[in-house]
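Note on naming: letters A, B, ... go to the chains in the order of the sequence lines (proteins, then strands), and numbering restarts at 1 for each one.
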2 protein chains.
Amino acid sequence: MTRATKKNRIDRNSPIPIYKQIKEIIIEELKAADSEGHPAITEGELTRRFHVSRAPVRQALKELADEGYVYRERAKGTFPVQELPVHPPNLELGGLVRYFREQGMDCNSRILGLERIVPSDDLRELLRLNREDKVLRISRLIYLTNRPLAWTQTYLFVTEDFQPTVDELEEMQSVFLLLESELGISITRGDHQISASGANEEEAEVLDFNIGDPVLVIETKLYTRNNQLIGWRRAVNIPDDYKVSFTVNR
Amino acid sequence: MTRATKKNRIDRNSPIPIYKQIKEIIIEELKAADSEGHPAITEGELTRRFHVSRAPVRQALKELADEGYVYRERAKGTFPVQELPVHPPNLELGGLVRYFREQGMDCNSRILGLERIVPSDDLRELLRLNREDKVLRISRLIYLTNRPLAWTQTYLFVTEDFQPTVDELEEMQSVFLLLESELGISITRGDHQISASGANEEEAEVLDFNIGDPVLVIETKLYTRNNQLIGWRRAVNIPDDYKVSFTVNR
DNA sequence: CAGTGGTCTAGACCACGTA
DNA sequence: ACGTGGTCTAGACCACTGT
């Protein structure tokens, strides 16, 4: 720590829980640390520093460990991970365009299609729909520096009164945000399946790619908070620019 | 619940923590449930049933939620997820062969190469090695029903006295298990990057595939428990049979 | 209103690592 | 011997949901 004034106070009147405040403070300090020393955070230290009990301190450290900021070793201590985790939201749901923009990259998207259709047999079966049910289909092409990056097709089983416009969708950058603000439905779980295949004719045309050239396909089952399967998405990605990265801790 | 005798007792003398015992019992009951009713587990119910305090019950339910067995809604309750999670260990580290075998599938593997080599410049830089350092390279071809499924090349920076034989490796099905039992080093974190590409000449030959046909490539940085980068792995997978699947909860 | 999960307190005992 | 994180107890108050 290079001469930094450390925050030693928790705001007990804040609506933000104590453990979250502690988390934020620690993340800030990890970022500020010049990766030289090994500040070795301990529970005792934090309880004394903030005058709180162990529970919020433990919850903070637990979540930091889960998120890859620190690792904990019994009887040794809690240590910062060298490279702080970055989270390209490859597999988060929505918000890809916004993420690239935040990285200062030239990224935008265009809605290719927006309609209510009768789903294919496979999709109807997957979503367990009746014969007469229709789904909302949103087809979106995402560009990075003016070159196609990914083509996503999202199918949602929602009430007819959810009628987003193309403008709204391009504005919001994510159907899911719109779903949340308009219907109060949030998508909180995604079952992803990643595979590689050769671009078919349609995909090649949309992505301005060659037929048969390898593309990365991510298919996702979309679930609401109460774990109702509400939709499905297929994303076809140009592999040169689009890679999925993430971390698995054991 | 179809007339099942419920376990209502925790073994307080067991070395297994209470919350884990509770977790196991709940998982069993979720599996046994005929997916009809919605047993709605609550904290109060469990504390009364097992005569324990809230802490272990909360820890059990928290982990079950993290693992996708249940979801929790404030002021409403804790509810089972319809489809119980399955965990194909695509991205777990090692043990792929064992997994397929447990599924009753005909899966085996062959060691194609096992040697200590001077790493490429890229790899040396990635692992931050000195010019004279050597790494252990293990090349393994995995078959499913006698057809090539995946080709993995694992590079580990370990002391010279770790000298596994081909037999040991084919026996153990995973270098990582061997590492753990021989040197006490466990690999606990993997940073994965997934992409698609066309098979190059070498990959095509090894996998008995066509040059340029799409393959799924998973490159992984391997870390020990103290988050030391100890190795790197490149897995080239036949996409018809090998898909990566996993769940993201928010 | 009673019941739920979310947060917090102030203690306790333990296994394990370091010195 | 001492400090660490892991587990547990027995309370407490809160916001929110259902009736």
Readout for nucleotides 9-19 of chain C: B = base within 4.0 Å of protein heavy atom, S = sugar-phosphate only, - = neither; 5' to 3' it is B--B--BBSS-
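- With respect to the salt-bridge test (charged N to carboxylate O, under 4.0 angstrom), the residues B/Arg131 and B/Asp133 do not qualify.
- Here D/dT17 presents its C1' atom at 10 Å from CD of B/Glu73, a figure rounded to the nearest Å.
- Within 6.0 Å of CZ in A/Arg98 there are 12 or fewer heavy atoms belonging to other residues, nucleotides or ligands.
- Between B/Thr78 and C/dG5, a side-chain N or O to OP1/OP2 separation shorter than 4.0 Å is present.
- Between the CZ atom of B/Phe50 and the C1' atom of D/dC8 there is a distance of 16 Å, rounded to whole Å.
- Under 4.0 angstrom from either OP1 or OP2 of C/dT4 there lies no side-chain N or O belonging to B/Arg72.
- We find that CD of B/Gln21 is positioned 12 Å from C1' of D/dT7, with the value rounded to whole Å.
- For B/Arg72 against B/Ala65, the heavy-atom pair with the smallest separation is CG-CB, 4.1 Å.
- Here the C1' atom of nucleotide C/dG6 and the NZ atom of A/Lys62 are 16 Å apart, to the nearest Å.
- Counting only residues at least two apart or on different chains, the side chain to side chain donor-acceptor pair (under 3.5 Å) pairs with a member in residues 13-26 of chain A are A/Lys23-A/Glu63, A/Lys23-A/Glu67.
- A straight line from CG of B/Leu61 to P of C/dT4 spans 12 Å, rounded to a whole angstrom.
- In this structure, A/Arg58 places its CZ atom 17 Å from C1' of C/dG6, rounding to the nearest Å.
- The distance from atom CG of A/Asn13 to atom C1' of C/dT7 is 15 Å, rounded to the nearest whole Å.
- Proximity of A/Tyr19 to the phosphate of C/dT7: a side-chain N or O atom is located under 4.0 Å from OP1 or OP2.
- Applying the salt bridge (Lys or Arg N to Asp or Glu O under 4.0 Å) test to B/Arg128 and every residue at least two apart in sequence or in another chain returns A/Glu83.
- A donor-acceptor pair under 3.5 Å is absent between the side-chain atoms of A/Arg225 and the main chain of A/Thr188, judged by distance alone.
- With rounding to whole Å, B/Gln59 atom CD is found 14 Å from C/dG6 atom P.
- Across all non-hydrogen atoms, the minimal contact from B/Glu170 to B/Ile111 is OE2-N, 2.8 Å.
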